[in-house]
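Along the sequence shown, residues carry numbers from 1. Whatever order the structure lists them in is the order used to number ligands and atoms, beginning at 1.
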Amino acid sequence: MFVKKLILLLVLSSNFLVFGQASITMQNTYPTNYFESPLEIPLILAGTFGELRPNHFHAGLDLKTQQREGLKVCASADGYISRIRIAHWGYGKALYITHSNGYTTVYGHLQKFSDKIEAYIKKQQYKNESFEVQVNPSASELPIKKGEIIALSGRTGGFMGPHLHFEIRDSASEKTINPFLFGIQLSDSKRPTINTLVGYSLDSDSQINQVNIPLQLSFKKLANGDLLADKINASGKIGFGINAYDQLDNASNQNGLYSLELSVNGEKFHEFRASVLPFTEDKYINLLIDYERFEKTGQRIQKCFIEPSNKLSMYSPSVNKGYLTIEGKKSYNVEIIAKDFSGNTQKITIPVTGKNDPVLVRKTETITPYKISAAQFNQFSKDGITVAFPKNTFYEDLWLDFEVKDSLVKVHDPNVPIHHNYTITFDVSKYSEVEKKQLYIASINKKGNKSYEATVKKDSVFYASTKKLGKFTLLSDKDAPNIQLHNFKNDQWITNHETLKVKIFDYKSGINTYRAEIDGEWILMEYDVTTGVLTYDFKDKIFTDSKHELKVTVTDNVGNTNTLNTIFFRKI
Ligand SMILES: [Zn+2]
């Protein structure tokens with residue numbers, strides 16, 4: 001343990017040498033013996049801080065829980081429960097503990113809370129008559145000691161395997177901080193792996209090997225494990241990006257990098273570091289990666305240059321934002337270094353020669369009647385469909401591909417990232433009142449799957465605010481949701497049942513609300529969105545007779561409603 005800490009200190013102090021005063025001041029403020037790993041089992045990670053995820057960076061650590069639920073989750077340090085949140089999606093059941101040293105720890109995807117927290121939150125749920133809830137207890141209500149069991153681990157919050165999501169935030173700013181900086185330690189002896197190298201020509205007249213579009217470059221492995229790319233000829237403004245991952249000891253998962261650097265002829269041009277992340281910057285991840293390539297292939301290339309609209313703060317001061325300007329007859333030695341938190345590195349060297357060759361391959365631009373000026377509000381209408389984009393929805397100017405055929409609408413290309421929601425409006429004046437009731441706006445993804453978009457209905461128009469580009473249409477939902485008894489039958493004696501389970505689903509517009517009552521009183525039914533199962537815990541209520549009526553009412557997103565009434569019996 002001592003040796004490990006010594007190595008960590010050396011890593012931190014070598015960072016100081018490279019990055020100067022600002023970094024060491026920041027890093028020294030993180031207390032390294034304050035927070036403990038929240039699980040009793042040895043720490044094994046399925047995910048690291050800053051990993052590249054869809055539309056966001058991973059804000060904490062994903063702790064493995066032996067592929068099961070129900071492991072004890074302990075408070076990482078003394079403090080008090082400052083937030084309890086239960087949501088169908090996202091962090092699922094989550095706890096926040098505020099500590100006296102200015103940090104908050106977050107525990108997500110929990111199965112259930114400890115008895116005292118469970119009692120506290122159930123009171124709120126019964127008061128609000130809602131499963132989803134968020135409360136912020138005051139400092140005196142739920143004080144917590146370091147190591148105290150606060151919950152059992154689970155998999156709540158959507159489609160995922162069992163694990164514990166753990167975060168450390170600055171309490172005041174809510175910025176998340178890499179828990180490794182607090183000395184939560186892991187052994188990592190393997191160097192990161194670089195899979196793919198891509199060169200980018202960033203002006204209309206720049207080129208790499210006479211190609212002006214993103215170009216995958218080949219490389220080989222040297223005897224010492226470093227990588228060497230084939231020589232390239234280039235001219236003008238160019239940049240590079242790589243796909244890479246890191247592996248920790250004792251786990252096969254592919255995790256994120258801690259830092260990515262690019263240097264040119266020995267001078268550092270660019271550095272990205274996963275140390276502190278404000279949630280407000282999450283969306284810029286789509287400019288950090290090659291979004292089009294990710295949408296087409298699923299592979300994330302992390303760019304070693306900063307796109308003009310990219311406002312991420314995870315970069316160190318850079319030269320030229322990481323861009324290179326290649327001049328004729330000059331030679332450049334470009335190095336990209338992928339690093340993990342323990343300081344293991346993988347380096348790729350790219351020899352570049354300046355050569356003013358003509359461009360042979362370039363992207364063709366399709367000019368349309370719909371010119372987007374990214375910095376301005378843009379609105380276009382065609383055949384009863386209107387799309388309206390707030391300013392800076394797009395990261396750059398473009399010609400919008402906007403087509404309407406019958407009620408099928410194409411709004412540009414899902415391979416293009418956008419920063420804000422925009423509005424799509426359908427003229428529905430040709431439909432009858434009955435038809436209008438059942439209609440809703442649906443998006444159609446690349447696989448052809450249709451999903452409900454929150455549709456706002458005014459007399460003659462329907463509109464939706466969406467962050468998706470691609471295809472949309474109007475669909476009709478005439479069918480009420482389904483409700484099925486799941487762990488009992490009508491008129492059954494279920495004295496030994498601990499829970500009452502009902503399954504609900506809706507094939508088209510999807511479930512909007514549900515409500516369950518026993519003998520006319522609201523009961524808490526926990527909703528698992530992945531299975532559609534609603535679960536009531538018999539411990540919530542004391543019965544004074546045997547015969548009971550369960551009533552479940554479910555409404556879909558266009559307002560079709562179904563109600564199930566059933567009888568069950570329990571011995572008192
Ligand atoms: Zn996570």
Side-chain angles (χ1 to χ4, degrees), residues 35-76 83-97 103-113 134 150-170 174-182 184-186 188 245-248 250-258 273-286 288-289 300 302 314 340-341 528-530:
F35 294 111
E36 230 165 54
S37 169
L39 287 180
E40 289 173 317
I41 56 166
L43 185 60
I44 302 178
L45 294 185
T48 54
F49 180 88
E51 264 174 34
L52 313 178
R53 303 264 174 103
N55 297 309
H56 71 286
F57 294 92
H58 190 230
L61 303 177
D62 283 342
L63 281 64
K64 289 198 173 199
T65 53
Q66 305 173 333
Q67 285 101 42
R68 61 196 175 98
E69 300 187 51
L71 265 62
K72 289 172 187 150
V73 177
C74 306
S76 185
R83 193 189 305 179
I84 307 169
R85 183 155 195 239
I86 298 177
H88 294 146
W89 300 100
Y91 290 12
K93 292 188 183 181
L95 288 176
Y96 296 64
I97 300 179
Y103 298 102
T104 297
T105 49
V106 183
Y107 312 76
H109 313 308
L110 303 169
Q111 182 192 59
K112 63 183 296 200
F113 306 128
Q134 173 167 304
I150 52 169
L152 298 178
S153 68
R155 44 164 281 278
T156 53
F159 296 90
M160 69 188 76
H163 73 276
L164 174 68
H165 175 90
F166 175 68
E167 262 173 43
I168 303 178
R169 295 185 185 181
D170 178 272
E174 287 229 70
K175 286 181 183 176
T176 56
I177 302 161
N178 192 331
F180 288 170
L181 292 165
F182 293 83
I184 288 177
Q185 293 180 25
L186 275 174
D188 180 0
Y245 64 88
D246 185 46
Q247 271 181 307
L248 301 161
N250 307 318
S252 58
N253 304 70
Q254 298 190 353
N255 297 122
L257 302 174
Y258 180 55
R273 233 193 319 169
S275 50
V276 179
L277 173 69
F279 287 107
T280 49
E281 295 179 4
D282 261 338
K283 274 245 157 164
Y284 293 113
I285 194 171
N286 293 333
L288 172 77
I289 63 166
R300 290 185 176 89
Q302 184 170 343
M314 297 164 93
D340 63 27
F341 192 82
D528 181 341
V529 282
T530 65

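Because the distance cut-off is set at 2.8 Å, H58 qualifies as a neighbour of the Zn ion (ligand 1) through one of its N, O or S atoms. In summary, H165 places an N/O/S atom under 2.8 Å from the Zn ion (ligand 1), meeting the contact criterion.
Taking the N/O/S atoms of D62 in turn, the shortest distance to the Zn ion (ligand 1) belongs to OD1.
Of the N and O atoms on the side chains of T104 and R83, not one donor lies less than 3.5 Å from an acceptor on the other residue.
Aromatic ring orientation, F166 versus Y107: tilted (interplanar angle from 30° to 60°).
What you find for M314 and V276 is that their closest heavy atoms are CG-O, 3.7 Å. The shortest non-hydrogen separation linking L43 to Q185 is CD2-O, 3.9 Å.
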